[in-house]
Colleague: 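Let me begin by handing over the structure; questions about it come next.
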Amino acid sequence: MLRSLSCLTACLFAGSLMAQDGQIIHDAEFFVLQSQNGERWAEEDAALDARLAELEAEHGRPPNIIYLLWDDQPFGIVGFPGIQKNLGFETPNLNAMAAEGINFTRMYSEPACTPTRAAFLTGRLPVRHGMGVVGMPHEFAGLRGDEVTLAEVLSEAGYATAHYGKGHLGDVEESYLHNQGFDEALFTPMNQITSLYDPLGTGTNAVLGFAPELSPPDPYKLDDPGLVPEGWVQIIDGRKGELGEEWGLPNNEWYDKLDAESEKRMIDFIRRNADADRPFFAQYWPNWLNFLKPDLEKTTQNGGKVAEAYQRLDAFVGVVMEELETLGIAENTIFVAMADNGPMVHNPPPGWGMTQVMFSGGKGDFTEGGVRVPAFAWWPGTIESGQLVGDIVHVTDLFTTFARIGKATDFIPRDRVIDGIDQTSLLLNGDTFSRRDFVHIYQGHTLAATIKGRYKQHWISSDPGAATGIGASFFDLYQDPQEHNPHLVPLIHTLGQFKMMRARHELMKEQFPDKPNARGLPLTGLSNARPETLGISEKLERNFSQLPFSVQDFLAKEPTFEMMEFDWGN
């Protein structure tokens, strides 16, 4: 017990020292690992610095960074041709990325799209800034303006920065991506479900009640517009330091144009900065899936919407790789591609082919199927080809790693916990060189599970013994990757150690408290706002006129989400 308390104290003391000496403050578990591996890591870092300096001398500038993030896919569905043969489709370009670089087998995301995107951009678990839940219009919320994004960090180091495609980080002005460090951004404040928010979606019963004008007047309707978010904006086009513009209209026709426009702009951005000999950071988060658009001509044996969408995404990956080769900058560009969380296995749209491959669960779950995703890193001449890496990596690690590669580490904030760990050694040295052997998995803003190496503790458990503190909630991910068979007796010796991990984590959270997300009026800051959008604030004032609290009180209120577990007699 004394040793455990000593470790807790040491971790907190280490955090204080980091803040004082200007080093990055990581979560407690990193300090535990550093105390045991710090000397070896320091030797590795000296060699890595020399290698990165050689690359910069060779190419005349730091490496370019490209990041591709798509939705709702399980580990194994791409990057493994044998699995694809059994699923009836193939992705030759994504598979080439995996074969010519690193194929990560333990890349962890967050359980849903908004949390993963916020985690990547800030290098922080989304619980720390209130971005752990998925937003829908009108959200009245988004990513805080005082969070420091990777785009801001790399901009400080001289990088050109651009975002194209899905954003899903909120509908308040401070969350807009051109206000979060990107020089240019074409993005959606929300997600792909808005492809249904169209009269055609209502007409096909794909969405209910969204277009009331298609139905006879409701004689019982008192509230107008009621549950329909009038004035919502689907796509925003922005430049750093300027007001944004609504791009097109909020309907399926304009939704369907976004990916093609994003791909065109991204290639143009790459070419412009290659010609200017300026390092760039470009991220493409495609909408990828259109809930309404039919695939009238099937190109795969699978025929599902996911398999068909992969053909379009994979083709663009090939275009990017070929463009980098043509421009002569492939060897000075790191290209990372990954999914944002597992597949929609709960109430999936029929016929889409949202497939579980190796792990159980999917989008929204803290089981491996929800958070273990396909991921590849391609960097010709620097990342050795043909690597299957078994080390644990978390999406936040890309923030710190890209900053290191881009000579921007000095611009990472030192006044908050940065969960992302620098994994440059893993990229350049390969398998077994990760500096992480743990992951804390949140479901929303609730700590749901903790991973340490091959073992996993579920903090949320349906086992009756969980109330006593000794529930059957321990799993061996090598023996039971689907988390179907908990090992109570064989792993009960880990209970105290997992509790200490959690205690260290929670003590760091007490020292660096979580903050809520940003709250405010939605969809302000648009130079071409439609009357319906401008009218959002007017309707709010009218609706709140008879209430004992103000619009400002409402905007400051953080909604609460209580997780509840039900037993339906099973």
Side-chain angles (χ1 to χ4, degrees), residues 24 26-27 30 48 52 62-71 75 97-98 101-110 113-126 128-129 131 143 147-155 157 159 161-163 165-166 169 177 180-182 279-285 333-341 371-379 382-383 387 389 391-409 411-413 417-430 433-436 438-440:
I24 296 171
H26 289 301
D27 202 357
F30 174 79
L48 293 170
L52 292 173
N64 309 304
I65 300 167
I66 297 176
Y67 182 59
L68 169 65
L69 185 70
W70 70 98
D71 286 78
F75 168 77
M97 280 189 71
I102 288 176
N103 189 341
F104 295 102
T105 63
R106 294 195 73 179
M107 170 64 84
Y108 285 91
S109 68
E110 294 294 304
C113 36
T114 293
T116 292
R117 291 156 202 272
F120 166 76
L121 278 180
T122 65
R124 286 155 52 78
L125 293 176
R128 300 196 190 280
H129 42 61
M131 294 295 288
L143 184 64
E147 285 298 313
V148 178
T149 69
L150 179 61
E152 291 172 311
V153 168
L154 290 173
S155 291
Y159 274 69
T161 58
H163 169 94
K166 175 180 174 179
L169 290 168
L177 288 169
Q180 289 282 355
F182 288 96
F280 61 81
F281 165 48
Q283 63 181 28
Y284 176 38
W285 300 351
T333 302
I334 179 170
F335 186 1
V336 172
M338 64 181 286
D340 65 352
N341 49 251
V371 293
R372 204 146 151 186
V373 295
F376 322 114
W378 183 79
W379 190 354
T382 296
I383 290 178
Q387 297 187 68
V389 166
D391 302 79
I392 292 177
V393 188
H394 188 262
V395 64
T396 55
D397 296 346
L398 296 175
F399 172 93
T400 318
T401 305
F402 286 166
R404 168 83 176 276
I405 290 170
K407 298 180 66 177
T409 301
F411 304 110
I412 294 175
V417 173
I418 301 295
D419 295 286
I421 295 169
D422 177 15
Q423 298 282 21
T424 306
S425 185
L426 178 61
L427 292 180
L428 272 59
N429 293 323
F433 280 87
S434 175
R435 297 185 180 180
R436 173 191 291 278
F438 69 96
V439 179
H440 293 297

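Note that this is a predicted model, so its numbers are computed, not measured. For reference, positions follow the sequence shown, starting with 1.
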Colleague: Between Leu427, Thr105, Leu426, which is the residue that forms a side chain to side chain contact (heavy atoms under 4.5 Å, CB included) with Val389?
Modeller: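 When Leu427, Thr105, Leu426 are each tested with Val389, the side chain to side chain contact (heavy atoms under 4.5 Å, CB included) holds only for Leu426.
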
Colleague: Assess the pair Phe335 and Phe376: is the distance between their ring centroids shorter than 6.0 Å?
Modeller: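 No, the ring centres sit 6.0 Å or more apart.
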
Colleague: Is any side-chain heavy atom of Leu398 closer than 4.5 Å to one of Val336?
Modeller: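 The answer is yes, as the side chains (C-beta and beyond) meet within the 4.5 Å cut-off.
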
Colleague: Are the side chains of Arg124 and Ile418 in touch, meaning some heavy atoms are under 4.5 Å apart?
Modeller: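 The answer is yes; the side chains approach within 4.5 Å.
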
Colleague: Report the C-alpha distance between Asp419 and Arg128 in whole Å, list the side-chain angles of each, state the deciding distance to 0.1 Å, and finish with yes or no for side-chain contact (heavy atoms from CB on, under 4.5 Å).
Modeller: CA-CA 10 Å; Asp419 295 286; Arg128 300 196 190 280; 2.7 Å; yes

Colleague: If you compare all heavy atoms of Phe411 against all heavy atoms of Val153, which two are closest, and at what distance to 0.1 Å?
Modeller: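 In terms of heavy atoms, the two residues are closest at O-CG2, 3.7 Å.
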
Colleague: When you compare the side chain of Tyr108 with that of Val371, does any pair of heavy atoms fall below 4.5 Å?
Modeller: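 When only atoms from C-beta onward are counted, Tyr108 and Val371 do touch, with a gap below 4.5 Å.
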
Colleague: So, Asp71 and Lys166, do they make that salt bridge, N to O below 4.0 Å?
Modeller: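 Judged by the 4.0 Å cut-off on N to carboxylate O distance, Asp71 and Lys166 do form a salt bridge.
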
Colleague: Nearest 0.5 Å, please: how far is CG in Asp422 from CZ in Phe30?
Modeller: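 Phe30 CZ to Asp422 CG: 8.5 Å, rounded to 0.5 Å.
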
Colleague: Taking side chain as C-beta onward, heavy atoms only, is Ile66 less than 4.5 Å from Phe280?
Modeller: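 A side-chain contact exists here, since the closest heavy-atom pair is under 4.5 Å.
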
Colleague: Any donor and acceptor pair, going by atom type alone, linking the side chain of His129 with main-chain N or O of Glu147 inside 3.5 Å?
Modeller: no

Colleague: For a quick test of reading the model, state the closest non-hydrogen atom pair linking Phe281 to Leu150 and the distance between them.
Modeller: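 Minimum heavy-atom contact is CZ-CD2, 3.8 Å.
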
Colleague: What is the distance from atom CZ of Arg404 to atom CZ of Phe399, rounded to the nearest 0.5 Å?
Modeller: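 If I round to the nearest 0.5 Å, the distance is 14.5 Å.
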
Colleague: Give the intermediate values and the outcome of side-chain contact (heavy atoms from CB on, under 4.5 Å) for residues Ile412 and Val148.
Modeller: CA-CA 8 Å; Ile412 294 175; Val148 178; over 6 Å; no

Colleague: If you take all heavy atoms of Ala377 and Phe104, which pair is closest and at what distance?
Modeller: CB-CE1, 3.8 Å

Colleague: Measuring from Leu121:CG to Met131:CE, what's the distance to the nearest 0.5 Å?
Modeller: 9.5 Å

Colleague: For His394 and Gln423, does a side-chain donor sit closer than 3.5 Å to a side-chain acceptor?
Modeller: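 No pair is found: no donor N or O on one side chain lies under 3.5 Å from an acceptor on the other.
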
Colleague: Just by modelled atom types, is the Phe120 backbone N or O under 3.5 Å from a matching donor or acceptor in the Thr396 side chain?
Modeller: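 Absent.
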
Colleague: Which distance, rounded to the nearest 0.5 Å, do you find between the CG of Asn341 and the CZ of Arg372?
Modeller: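 It is 15.5 Å, given to the nearest 0.5 Å.
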
Colleague: Do Val395 and Met338 come close enough that some side-chain heavy atom pair is under 4.5 Å?
Modeller: yes

Colleague: Would a 4.5 Å heavy-atom cut-off, applied to side chains only, mark Ile24 and Thr409 as touching?
Modeller: yes

Colleague: Within the side chain of Thr333, is there an N or O that forms a donor-acceptor pair under 3.5 Å with the backbone of Asn64?
Modeller: no

Colleague: Distance-only, no hydrogens or angles: does the Thr161 side chain make a donor-acceptor pair with backbone N or O of Ser155 under 3.5 Å?
Modeller: no

Colleague: Nearest 0.5 Å, please: how far is NE2 in His163 from CG in Leu169?
Modeller: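 Answer rounded to 0.5 Å: 8.0 Å.
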
Colleague: Give a yes or no on whether the backbone of Asp340 and the side-chain of Ser109 come within a donor-acceptor separation of less than 3.5 Å.
Modeller: yes

Colleague: Is any side-chain heavy atom of Leu143 closer than 4.5 Å to one of Thr122?
Modeller: yes

Colleague: Going by atom types alone, do Asp397 and Thr401 pair a side-chain donor with an acceptor below 3.5 Å?
Modeller: no

Colleague: For Ala119 and Pro126, which heavy atoms make the closest approach, and how far apart are they?
Modeller: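 In terms of heavy atoms, the two residues are closest at CB-CD, 4.0 Å.
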
Colleague: Which heavy atom in Gly430 sits nearest to a heavy atom in Gln387, and how many Å separate them?
Modeller: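 Closest approach of Gly430 to Gln387, heavy atoms only: CA-OE1, 3.1 Å.
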
Colleague: Cation-pi check, Arg436 to Phe438: give yes when NZ or CZ is under 6.0 Å from the six-membered ring centre and within 45° of the ring axis, no otherwise.
Modeller: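 Yes, Arg436 lies over the aromatic ring of Phe438.
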
Colleague: Looking at every heavy atom in both Arg117 and Leu69, which two are closest together, and how far apart are they?
Modeller: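 Taking Arg117 first and Leu69 second, the nearest heavy atoms are CG-CD2, 3.6 Å.
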
Colleague: side-chain contact (heavy atoms from CB on, under 4.5 Å) between Thr382 and Leu428: does it pass, once the steps are laid out?
Modeller: CA-CA 7 Å; Thr382 296; Leu428 272 59; 4.1 Å; yes

Colleague: Measure the spacing between CG of Leu177 and CH2 of Trp285 and express it to the nearest 0.5 Å.
Modeller: 6.5 Å

Colleague: Check the pair Ile334 / Ile405 against side-chain contact (heavy atoms from CB on, under 4.5 Å), numbers first and verdict last.
Modeller: CA-CA 9 Å; Ile334 179 170; Ile405 290 170; 4.2 Å; yes

